[in-house]
Amino acid sequence: MSSPSLDPLHLLRQYTVESKKVELLDKNDNPTTDLQSATTIRFGDEASFPRDTATSLLRSNSDSDPYTLSALLHFLDHRDQSFYEYMKMTNTLGLQTISFGDRAQVLGYLTGKTPEAAASGPVAEKQPTGGDAKRAKTRSSGDGVASASTANDIARDIIRRERALVTPSTVLSSNKSFARVPDLAKALLPAKPGAAAKGAVPGKPATADTTSGQASAARRSAHHRKRRNPIIVVPAATTSMLTMYNIKSLLQDHQFVDGRAEMEKAGPKPHEVFVEHTMSYSGQAVKFRIVDSVQDFTEADWEALVCVFTQGAAWQFRNWMWKTPEEVFHNCLGFYPKYQDERPKDTVNSWAVSLLNIERSKRHMDRATVVGLWNSLEQYMARNKPDLLS
């Protein structure tokens, strides 16, 4: 076994305690400050490791899920952020997240406040060769990094940190026009006794036709308001990660299922599906309409569009009201779903979308992912589409 000083975990701890600089190198071995574009992490002249080298630090209650060197380094750099902000950033960068339950003891170990033996188990190592690093294969010690950490811990922390975003001030500062409110009020509210009916000649009683016409107009207006469900669009391609077949399972049941497997079981694709979500800050139940085509969209539908899932293909936005993906995601919230260990497509780098990282096999992590998604969507709607929440 090689010296512990050549282990990436020990080196990261040593450099953190001694306040020594850890260097990032890009694919051309040039120094960089961007962890996302870095391919190598170098500890002075002592050793270099690939960015995502597995360390001997394991997730709680796991004997085969090590934290990567990049995840630990990013966590150290953002240790003062709230867990929600930190998780949102790691998802955007496509990095591994240090779980909520592990944070305190991981930080204590890396900063030297926790004894080494309490945070890591034995390490099976090999010497780095030619600038390439070794990967440490380990098992967790009995005391582990932290007590049991579950997706519900993450969800509870996110919900605890949520704040009410719709207030009288935010609503009044909206850029939406309320010019139609008087007309809607006239159509929906009964006229005061003695008031002349709209369209009636002064001095003459309202006719049955006039009264019937007003009632019909009121019903049409009420029906229009009732049907203004916020709209979510998913890709139409059956090869997409999220489709009409599995989106409801993710958003409503908090569980990701394979779309192609669901397609074989479900038969014909639904034209639209509905998902009901309870807003965390108000307790209001909002029904969302989900479609994969905008072909029959009306002006009201475009106004109700709040969220789009994309697989990074520009052809998804042909015949849209907005001509480019950049314009689409300037006008609605965007998500790019991918597996946690995948790199995003280069095409989405210039699109204002958030990465939705989904674990390949750890279905217990789905809930935390979906809670974060809804949290982002609630904030977006409160800022940009408050009329859809009234």
Does one side chain, of [X] or [Y], offer a donor that lies under 3.5 Å from an acceptor on the other?
X    : Y    : answer
E378 : S280 : yes
D52  : S70  : yes
T310 : Q316 : yes
T97  : T90  : yes
S99  : D102 : yes

Here's a test for you: under ring-ring contact (aromatic ring centres under 6.0 Å, His included), which of W315, W302, F297 qualifies with W320?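 Looking at W315, W302, F297, the match for W320 under the ring-ring contact (aromatic ring centres under 6.0 Å, His included) is W302.
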
Do F274 and F288 make the cut of ring centroids closer than 6.0 angstrom?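 Ring centres of F288 and F274 not closer than 6.0 Å.
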
Do [X] and [Y] have side chains that get closer than 4.5 Å, going by heavy atoms?
X    : Y    : value
N331 : F329 : no
F309 : S240 : no
F256 : M241 : yes
L250 : Q255 : no
T53  : T68  : no
I98  : L72  : yes
K338 : P344 : yes
V22  : R42  : no

In terms of side-chain geometry, is the basic nitrogen of E276 or K248 positioned less than 4.0 Å from the acidic oxygen of its partner?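 K248 and E276: not salt-bridged.
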
Should R228 and E303 count as an ion pair when the cut-off is N to O under 4.0 Å?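 Salt bridge present between R228 and E303.
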
Other residues, nucleotides and ligands only: do more than 12 of their heavy atoms fall within 6.0 Å of NE2 on H330?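 Counting neighbours around NE2 of H330, 12 or fewer heavy atoms of other residues, nucleotides or ligands fall under 6.0 Å, so no.
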
Does K345 have any side-chain hydrogen bond (donor to acceptor under 3.5 Å, both in side chains) partners at least two apart in sequence or in another chain, and if so, which?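 Expected list: none.
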
What are the two closest heavy atoms between [X] and [Y], and how far apart are they?
X    : Y    : answer
K287 : P230 : O-CD, 3.3 Å
F43  : P8   : CZ-O, 4.1 Å
T111 : L107 : OG1-O, 2.6 Å
V275 : Q252 : CA-OE1, 3.5 Å

Who pairs with R363 by salt bridge (charged side-chain N to carboxylate O under 4.0 Å, His left out), at least two apart in sequence or on another chain?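 Salt bridge (charged side-chain N to carboxylate O under 4.0 Å, His left out) check on R363 returns D366.
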
Can you name the residues that form a salt bridge (charged side-chain N to carboxylate O under 4.0 Å, His left out) with D258, not counting sequence neighbours?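 With neighbours one apart ignored, the set is empty.
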
Ignoring hydrogens and geometry, is there a side-chain-to-backbone donor-acceptor pair from S19 to Y15 under 3.5 Å?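 Judged by distance alone, no pair lies under 3.5 Å.
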
